Amino acid sequence: MNAAPSSQAPSSRVVTRFAPSPTGYLHIGGARTALFNWLYARGRGGKFLLRIEDTDRARSTVEATEAILRGLTWLGLDWDGAPVSQFEGAPRHAEVAHHMLATGHAYKCFATQDEIEAFREAARREGRSTLYQSPWRDADPATHPDAPYVVRLKAPRDGETVIEDAVQGRVRFRNDTLDDMICLRSDGTPTYMLAVVVDDHDMGVTHIIRGDDHLNNAPRQMLVYRAMGWDVPVFAHIPLIHGPDGKKLSKRHGAVGLEEYQKMGFLAAGMRNYLARLGWSHGDDEFFTDDQAKEWFDLPAIGRAPARLDFKKLENLSGQHISAANDDVLMDAVASYLAVTGAPALSDVQAAAMRSALYCLRDRSKTVPQLIEKAAFVLKSRPIGMDGKAAAALDDVSRGILRELTPQLQNASWQRDDLEAVLGNVAAAHGIGLGKIAQPLRAALAGSSVTPSVFDMMLVLGRAESIARINEAALDG
RNA sequence: GGCCCGUUCGUCUAUCGGUUAGGACACCAGGUUUUCAACCUGGGAAGAGGGGUUCGACUCCCCUACGGGCUGCCA
C-alpha cells in the first residue's frame with residue numbers, strides 16, 4: 001500500500017508543479033522532472049499541478065501543449081486540477097510588478113535594448129563582466145523621460161543571497177554578481193522570471209523541483225519572494241540528462257521526445273522505473289513499483305551529477321515490467337502502441353486471442369512490439385504464410401515427420417505433458433533430438449521462427465487449428 | 001571572460017572517515033535449451049590529478065584538469 005497518511009496540517013501539505021514551455025514535444029528530461037514532482041507529491045498526499053509557461057507568445061503553440069499533455073498521460077502522470085496558463089495571469093503579474101514599484105523594490109529603467117547591447121558588446125570585447133547596471137536605478141523620478149520603460153527589480157548590491165537547495169545543498173551567490181532582473185517588458189508584459197514566482201506563490205507551490213539550468217535564476221527569484229514578503233518554497237535543482245556520449249541531450253542523440261519512446265514500444269511503467277532510477281536511488285533497489293517509488297522517493301537521495309541515457313537498461317526494465325504487468329495493462333499498451341505507430345487496431349477476436357496467449361508471451365518480451373511479434377501466430381488466420389527462416393526449416397524429411405505427427409496429435413489429450421510425450425516419442429522413434437521436430441513444427445504453427453514454445457502455441461491454438469496448420473505446411477511444396 | 005554545479009566499474013548507482021569499494025544493466029566464458037527471450041555459474045571492470053586535515057580518506061578542505069549550466073525586454 002501507499003505510505004501512511006501524513007499527519008501534516010493542510011497548510012503544510014506538499015504542492016509541486018511541472019511547468020513546461022509549450023514550444024515543442026515533451027523532452028525526456030522534462031518528463032523526468034515531471035515524474036520527480038509527481039512522485040514527491042503523490043508519495044506525501046500532496047498535489048501535483050501543471051502550468052504551461054506560455055508567456056512567449058511567438059514560440060508557444062497549442063499543438064505543443066497538447067503533445068505535452070499527451071506525453072504526461074501516456075507516462076501515467078496525472079495532475080490535479082486544470083493546467084494553468086501562465087499567459088492568462090499577465091494582469092496579476094503586472095499587478096505584482098507595480099506593487100514592487102510602489103514599495104521601492106523595483107524601478108523604471110529607460111535604457112533601450114540598443115544601449116544595453118552596446119554596453120555588453122564592449123564589456124565582452126574588453127573582457128569585463130557583462131552584468132548590466134542600469135543608471136536609472138536611483139534616478140530622480142523628475143528626470144524620467146516620457147518614453148517606454150521596463151520595470152527592474154532593485155536587487156541588493158552588497159552581501160550575498162543563499163539558496164538552501166534540497167539537492168545541491170547550500171549555494172551562495174554574491175549579490176554584486178546578480179543583475180536587476182526585468183519584471184515587466186517595455187510593452188508592459190511580464191517576463192518569465194517574474195511570472196514563475198507569482199504563479200508558484202499563488203498556486204501554493206511548496207516544493208520547486210526543476211532542472212539545474214534554473215539554479216542561477218533561483219537567487220534572483222528569491223529576491224521577489226522577499227520583496228513581496230512571501231514564504232520561499234523549497235528549491236530542488238536536479239541535474240539534466242545527457243546523451244550516451246555525456247554531452248547535452250540533443251536531437252543528434254536520437255530520441256529526445258517522450259513520444260519517441262512510446263513509439264519504440266517501452267512500457268510506461270518501465271519508463272517510470274527507469275527515469276526514476278536515473279539520478280535517484282534508494283539503496284540497491286533497481287526494479288520497483290509505483291507504490292514503492294512513491295513511498296521511497298525523496299529529495300536528498302537525488303544525485304548531483306548529470307546522468308546519461310542507457311537504452312539497454314531501459315529495455316531491461318521495460319521487459320521486467322512487462323513480465324510483471326497484468327493482462328489489462330498489457331492489452332492497453334498494445335492498443336496504444338498500435339495507435340501511435342499508425343498500425344491497424346486488433347479486432348475483438350484478435351485481442352481475445354492475444355490475451356489468451358499473454359501468459360507465454362510476457363516473459364519473453366522487453367518491449368510492446370516484441371510482444372506483438374511473438375503473438376503473431378495467434379493473430380494470423382490460415383493460410384498463415386511463411387517467412388524465410390521458417391520456410392528453411394521445412395524440407396521433405398521434416399514434412400514427413402509432420403505428417404506422422406498429426407494422427408498422434410489427433411488422439412492426444414491436449415495437455416502439455418501429453419503433447420510433450422507425443423513429440424518426445426516421435427523424436428525418439430527417429431533417433432533425433434526434440435529440436436529437429438520443434439523447428440519445422442514451429443514453422444508450421446507460426447510461419448515464423450520467433451515464437452513462444454511449440455507446446456504453448458498448440459495449447460493456445462487448440463487441436464483443430466494446430467492440426468490444420470500442420471497439415472497445410474506438410475502438404476505444401 | 002564572469003558566476004554556479006558536477007567528477008566511484010563502459011553505463012546507472014551504493015558507500016554519508018575504518019568495507020576484500022557492493023548492486024544493477026552491458027560485456028566475456030561456460031552451462032541449460034525447441035526459436036527469440038529467459039535462466040544458472042563464473043569472470044574482467046571504478047574512486048580525474050595534486051596537495052592538505054586525520055591514527056585512518058571515495059567520503060572533509062584547497063588547487064588543477066575535464067564536463068555541464070547560466071550569463072536575453074526566451075522560458
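Naming convention: chains lettered A, B, ... in sequence-line order (proteins, then strands); numbering from 1 in each chain. Note that the structure is a prediction, hence the values are computed from the model and not measured.
Going from atom CD of Gln320(A) over to atom P of C12(B) covers 19 Å, rounded to whole Å. Counting to the nearest Å, the C1' atom of U13(B) and the CD1 atom of Ile241(A) are 15 Å from each other. Atom pair Lys374(A):NZ and C36(B):P shows a separation of 10 Å (rounding to whole Å applied). Remark: P of U35(B) and CE of Met386(A) are 18 Å apart, rounded to the nearest angstrom. For the pair Arg128(A) CZ and G1(B) C1', the computed distance is 11 Å after rounding to whole Å. As a whole-Å value, the separation of Leu278(A) CG from A14(B) P is 12 Å. Rounded to an integer number of Å, the gap from CG of Asp387(A) to C1' of C36(B) is 12 Å. Rounded to whole angstrom, the span from the CZ atom of Arg277(A) across to the P atom of C12(B) amounts to 11 Å.
Taking a 6.0 Å sphere around NZ of Lys380(A), one finds it holds more than 12 heavy atoms contributed by other residues, nucleotides or ligands.
Nucleic acid contact class of Arg304(A) (heavy atoms, under 4.0 Å, all strands): sugar-phosphate only. Among the protein residues, Gly279(A) comes within range of the sugar-phosphate backbone only, with heavy atoms under 4.0 Å from sugar or phosphate atoms but none that close to a base. At the heavy-atom level, Arg172(A) lies under 4.0 Å from the strands shown only through sugar-phosphate atoms.
Going from the C1' atom of A29(B) to that of U34(B) covers 24 Å, rounded to whole Å. Remark: the separation of the C1' atoms in C5(B) and G10(B) is 24 Å, to the nearest Å. When the C1' atom is used for both C66(B) and C74(B), the distance is 30 Å, rounded to whole Å. Between the P atoms of U11(B) and C73(B), the separation comes to 39 Å (whole Å). For G52(B) and G44(B), the P atoms lie 34 Å apart once the distance is rounded to whole Å. Here, C28(B) and G67(B) have their P atoms 31 Å apart, quoted to the whole Å. Atom P of G23(B) sits at a distance of 15 Å from the matching atom of U15(B), rounded to the whole Å. Spacing of C1' atoms, G47(B) relative to G22(B), comes out at 14 Å, to the nearest Å.
Ranking A14(B), U11(B), C3(B) by closeness to the Arg308(A) side chain, first place goes to U11(B).
With hydrogens and angles disregarded, a donor-acceptor distance shorter than 3.5 Å links the side chain of Asp56(A) to the backbone of Ala58(A). The backbone N or O of Glu286(A) sits less than 3.5 Å from a side-chain atom of Asn273(A), completing a donor-acceptor pair.
Partners of Gln168(A) under the side chain to side chain donor-acceptor pair (under 3.5 Å) rule, at least two apart in sequence or in another chain, do not exist in this structure. For Arg442(A), the salt bridge (Lys or Arg N to Asp or Glu O under 4.0 Å) test picks out no residue, with sequence neighbours left out. Residues satisfying the side chain to side chain contact (heavy atoms under 4.5 Å, CB included) criterion with Leu419(A), sequence neighbours excluded, are Leu409(A), Ala412(A), Trp414(A), Phe455(A), Met458(A), Leu459(A). A search for side chain to side chain contact (heavy atoms under 4.5 Å, CB included) contacts involving Pro369(A) returns Tyr337(A), Thr367(A), not counting sequence neighbours. Partners of Arg226(A) by side chain to side chain donor-acceptor pair (under 3.5 Å), not counting sequence neighbours: none found.
Under the salt bridge (charged side-chain N to carboxylate O under 4.0 Å, His left out) criterion, the residue pairs touching residues 163-176 of chain A are Glu160(A)-Arg172(A), Glu164(A)-Arg170(A), Arg174(A)-Asp176(A), with sequence neighbours excluded. Listed by first then second residue, pairs satisfying salt bridge (charged side-chain N to carboxylate O under 4.0 Å, His left out) with a partner in residues 445-458 of chain A read Arg416(A)-Asp456(A), not counting sequence neighbours. Counting only residues at least two apart or on different chains, the salt bridge (charged side-chain N to carboxylate O under 4.0 Å, His left out) pairs with a member in residues 266-275 of chain A are Arg272(A)-Asp290(A).
A donor atom on one side chain and an acceptor atom on the other are found under 3.5 Å apart for Asn175(A) and Thr161(A). Side-chain contact annotation: Asp180(A) with Tyr107(A), donor-acceptor N/O pair under 3.5 Å present. Defined by atom type and a distance below 3.5 Å, a donor-acceptor pair is present between the side-chain atoms of Glu404(A) and His430(A).
In this structure U8(B) sits in no base pair that meets the Watson-Crick or G-U test at under 3.5 Å. U20(B): no Watson-Crick or G-U partner with both key distances under 3.5 Å is found in any strand. Nucleotide G30(B) forms a Watson-Crick or G-U wobble pair with C40(B), both donor-acceptor distances falling under 3.5 Å. Pairing of C60(B), defined by two Watson-Crick or G-U wobble distances under 3.5 Å, is identified with G52(B). Searching all strands for a Watson-Crick or G-U wobble partner of C3(B) with both distances below 3.5 Å returns G69(B). If you check U15(B) for Watson-Crick or wobble pairing at under 3.5 angstrom, you find it has no partner at all.
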Inset, instruction - Go through the steps to decide whether Glu117(A) and Arg124(A) satisfy the test salt bridge (charged side-chain N to carboxylate O under 4.0 Å, His left out), and finish with yes or no. - result: CA-CA 10 Å; Glu117(A) 187 41 47; Arg124(A) 252 190 299 273; 3.4 Å; yes

Inset, instruction - Treat primed atoms plus P, OP1 and OP2 as sugar-phosphate and everything else as base, then score nucleotides 26-34 of chain B 5' to 3': B for base contact with protein heavy atoms under 4.0 Å, S for sugar-phosphate contact only, - for none. - result: S-------B

Inset, instruction - For each nucleotide in nucleotides 66-75 of chain B, reading 5' to 3', give B when a protein heavy atom comes within less than 4.0 Å of its base, S when such contact involves only the sugar-phosphate, and - otherwise. - result: -SSBSSSBBB

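The nearest heavy atom of RNA chain B to Arg364(A) and to Ala307(A) marks one nucleotide each, and the one closer to the 5' end goes with Ala307(A).
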Quick test: give all pairs of protein nitrogen or oxygen and nucleotides 58-64 of chain B nitrogen or oxygen below 3.5 Å, distance rounded to 0.1 Å.
none

Output a table of nitrogen or oxygen pairs between the protein and nucleotides 42-50 of chain B separated by less than 3.5 Å.
none

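Arg220(A) is listed as a side-chain neighbour of Met193(A), based on a closest heavy-atom distance under 4.5 Å.
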